[in-house]
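Here's the structure we're looking at; comments come further down.
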Amino acid sequence: YEFRPAATGRTLVEEYLRRRAGRLAAAERELLEAWRDARFGIWEVQGIEEGTGVELRDLLAGDQFFVHDVSCSRSVVRWDCLLGRIYPSQGRWRLAGILLTVPRPLLPQLRERIERESRESGQDAAAYVRANSHRWPRLVEELAEERLAGLRVVNAEGDDLEFGTAYYRIEQEAPVVAALEAAGPFEPEEEDTAGVRSFAWLEQGTEGPRRAYGHIQLRDGKLRLECNSRKRLETGRRLIEEHCGAWLRHLGDSFKSFDAVKKRVRDRNAPRTEAPAPALPPEVEREILGKMKREHYAKWVDERLPALGGQTPREAARTEEGRRDLEELLRQMENGEERARREGRVAFDFSIVRKELGM
């Protein structure tokens with residue numbers, strides 16, 4: 001479609017029309033002219049008319065087209081980014097071939113690469129993308145592989161996710177239980193097994209839902225603290241030993257990396273033999289998930305986020321650069337929630353967050 005050999009400067013379709021147009025039937029010529037005028041780009045889905053088509057915006061050129069394609073209208077969601085080609089046919093724009101989805105987290109890297117290379121070539125970015133249409137599917141694949149290879153999975157504090165456990169022998173259980181109950185960070189949980197006591201280590205000094213930092217279990221004369229990072233485990237150990245160290249003896253710590261846990265799950269080939277846990281009624285599950293999402297995003301606007309350079313969404317919304325980054329982050333999240341809605345799962349309405357942030 002777009003490749004222009006140095007010898008002619010014409011695409012294959014343009015050259016064919018130049019040589020053979022006079023011998024073609026009207027329908028054949030119309031089809032080839034549509035192919036000649038096909039438009040390749042990186043498209044962002046602006047809106048959907050299910051059963052009819054989609055509104056696409058060229059992310060680099062900025063213009064928009066309504067593309068008639070029933071299948072596409074039923075498979076994409078708002079803010080999806082797509083690599084592909086559209087062409088005019090009988091007064092309408094249609095899709096040519098298959099569209100490739102570009103994961104939104106890869107979009108900044110892809111755009112940076114295109115803008116840098118287009119400057120070096122002396123072309124504007126949209127024209128450069130069209131002239132090199134064969135390159136972008138492979139580049140998207142390479143960027144995805146690089147992202148996975150360098151992916152860090154972190155907890156809410158930004159620490160590498162690593163499942164740690166601290167083990168203690170209990171010398172005297174009654175004073176240990178009393179000390180944990182009296183300590184602010186540890187909240188007793190209901191006993192589900194005779195002889196087992198459990199405590200949740202929870203965030204202090206905040207209203208509403210509190211972040212869980214770890215879990216404590218007392219059983220068979222042993223105390224076990226579980227956390228999802230080395231730093232949390234160290235902090236949890238200090239708190240436990242400060243409040244009830246006189247009646248405990250530390251036996252040791254163990255850690256499992258996130259990659260090790262993933263490998264263990266992949267390698268677990270034996271079929272499950274135990275009965276599955278009873279499912280919640282669908283309406284109850286939806287209510288619980290919806291409540292959790294509303295509570296999470298009510299606090300999210302004031303949480304410091306690496307994606308915003310350590311700013312909170314509320315802080316980022318106050319500057320032009322911050323709003324650009326925030327808008328991209330919101331579109332990523334809305335895109336995921338819209339896909340969840342399309343699949344029949346509980347989805348959060350980000351218009352609430354947008355209103356709060358003035359976005």
Side-chain angles (χ1 to χ4, degrees), residues 1-3 35 38-89 92-118 125-151 153 262 307 324-350:
Y1 283 92
E2 286 84 25
F3 178 68
W35 287 357
R39 170 82 174 264
F40 183 87
I42 304 174
W43 309 99
E44 182 180 63
V45 179
Q46 303 293 298
I48 300 166
E49 288 185 23
E50 193 164 344
T52 302
V54 295
E55 185 78 21
L56 300 179
R57 181 172 76 92
D58 188 319
L59 279 176
L60 297 169
D63 44 352
Q64 293 192 187
F65 302 84
F66 187 84
V67 178
H68 290 260
D69 191 283
V70 174
S71 177
C72 185
S73 75
R74 291 173 176 162
S75 61
V76 303
V77 299
R78 192 180 186 212
W79 306 137
D80 272 352
C81 290
L82 310 166
L83 267 178
R85 196 175 283 104
I86 63 176
Y87 69 95
S89 175
R92 293 180 171 185
W93 286 91
R94 301 187 183 278
L95 293 179
I98 297 172
L99 293 174
L100 173 69
T101 299
V102 180
R104 285 204 75 103
L106 300 180
L107 198 56
Q109 289 174 275
L110 180 62
R111 293 186 70 163
E112 188 279 330
R113 180 80 69 90
I114 289 168
E115 287 165 4
R116 173 168 50 82
E117 292 183 3
S118 65
Y128 183 75
V129 163
R130 290 196 289 271
N132 294 274
S133 57
H134 62 286
R135 290 188 52 210
W136 311 123
R138 178 169 292 181
L139 179 57
V140 169
E141 184 178 346
E142 290 172 357
L143 291 174
E145 290 174 356
E146 289 173 8
R147 181 179 175 83
L148 282 175
L151 185 66
V153 183
K262 287 194 298 183
R324 285 198 303 269
D325 292 341
L326 179 57
E327 178 62 34
E328 175 56 31
L329 183 59
L330 286 170
R331 290 190 183 192
Q332 285 186 33
M333 298 166 77
E334 286 172 328
N335 182 248
E337 291 299 302
E338 182 61 20
R339 191 158 296 283
R341 185 197 64 78
R342 175 70 69 90
E343 294 170 358
R345 296 181 283 122
V346 177
F348 178 73
D349 180 4
F350 272 90

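Distance alone, capped at 3.5 Å, places no donor-acceptor pair between the Ser73 side chain and the Val54 backbone. Side chain of Trp136 to main chain of Val129: a donor-acceptor pair is present (N/O by atom type, distance under 3.5 Å, no hydrogens or angles). Side chain of Trp93 to backbone of Ser89: no donor-acceptor contact under 3.5 angstrom is found. Looking at Trp43, its side chain does come within 3.5 Å of a backbone N or O of Gly84 through a donor-acceptor pair.
Smallest separation of non-hydrogen atoms from Gln46 and Arg78: O-NE, 3.2 Å. In this structure, Thr101 and Pro103 approach most closely via the heavy-atom pair O-CD, 3.6 Å. The shortest non-hydrogen separation linking Glu115 to Ser118 is O-OG, 3.0 Å. When every heavy atom of Tyr87 is checked against every heavy atom of Ala96, the shortest pair comes out as CD2-CB, 3.6 Å. Annotation for Leu56 and Ile86: closest pair CD1-CG2, 4.4 Å, computed over non-hydrogen atoms. Val346 and Ala340 make their closest contact through O-CB, 4.1 Å (heavy atoms, listed as atom of the first residue, atom of the second, distance).
Side-chain contact of Tyr128 with Arg135: a donor-acceptor pair under 3.5 Å is present, judged by distance alone.
With rounding to the nearest 0.5 Å, the separation of SG in Cys72 from CD in Glu50 is 11.5 Å. A distance of 14.0 Å separates CZ in Arg339 from CD in Glu334, rounded to the nearest 0.5 Å. Atoms CG and CD, on Leu139 and Gln109 in that order, are 9.0 Å from each other to the nearest 0.5 Å. Between the CG atom in Asp325 and the CD atom in Glu328 there is a gap of 8.5 Å [rounded to 0.5 Å]. Atom CD1 of residue Ile42 and atom SG of residue Cys81 lie 8.5 Å apart, to the nearest 0.5 angstrom. Within the model, atoms CG of Asn132 and CD of Glu2 stand 9.5 Å from one another, a figure rounded to the nearest 0.5 Å.
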Check the pair Leu99 / Arg85 against side chain to side chain contact (heavy atoms under 4.5 Å, CB included), numbers first and verdict last.
-> CA-CA 7 Å; Leu99 293 174; Arg85 196 175 283 104; over 6 Å; no
CA sep, side-chain torsions, deciding dist, call: Trp35, Tyr1, side chain to side chain contact (heavy atoms under 4.5 Å, CB included) | CA-CA 7 Å; Trp35 287 357; Tyr1 283 92; 4.0 Å; yes
Using the side chain to side chain contact (heavy atoms under 4.5 Å, CB included) rule, take Phe66 and Glu49 through it: C-alpha gap first, then chi angles, then the decisive distance, then the call.
-> CA-CA 10 Å; Phe66 187 84; Glu49 288 185 23; 3.9 Å; yes
CA sep, side-chain torsions, deciding dist, call: Thr52, His68, side chain to side chain contact (heavy atoms under 4.5 Å, CB included) = CA-CA 6 Å; Thr52 302; His68 290 260; 4.0 Å; yes
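For Arg341 and Glu337, the salt-bridge test fails: no basic side-chain N is under 4.0 Å from an acidic carboxylate O. Under 4.0 Å is where a charged nitrogen must lie from a carboxylate oxygen, and between Glu338 and Arg342 no such pair does. Under 4.0 Å is where a charged nitrogen must lie from a carboxylate oxygen, and between Arg104 and Asp80 no such pair does.
A cation-pi arrangement is absent between Arg39 and Phe65, since the terminal nitrogen or guanidinium carbon is not both under 6.0 Å from the aromatic centre and inside a 45° cone about the axis.
Side-chain atoms of Leu60 and Arg111, non-hydrogen and from C-beta on, do get closer than 4.5 Å to each other. Ile48 places a side-chain heavy atom less than 4.5 Å from the side chain of Val76. In this structure, Arg331 and Met333 have side chains that are not in contact, with every pair of non-hydrogen atoms separated by 4.5 Å or more. Taking the side chain as every heavy atom from C-beta outward, Leu110 and Val102 approach each other to under 4.5 Å. In this structure the side chain of Arg147 reaches within 4.5 angstrom of the side chain of Leu106, judged on heavy atoms.
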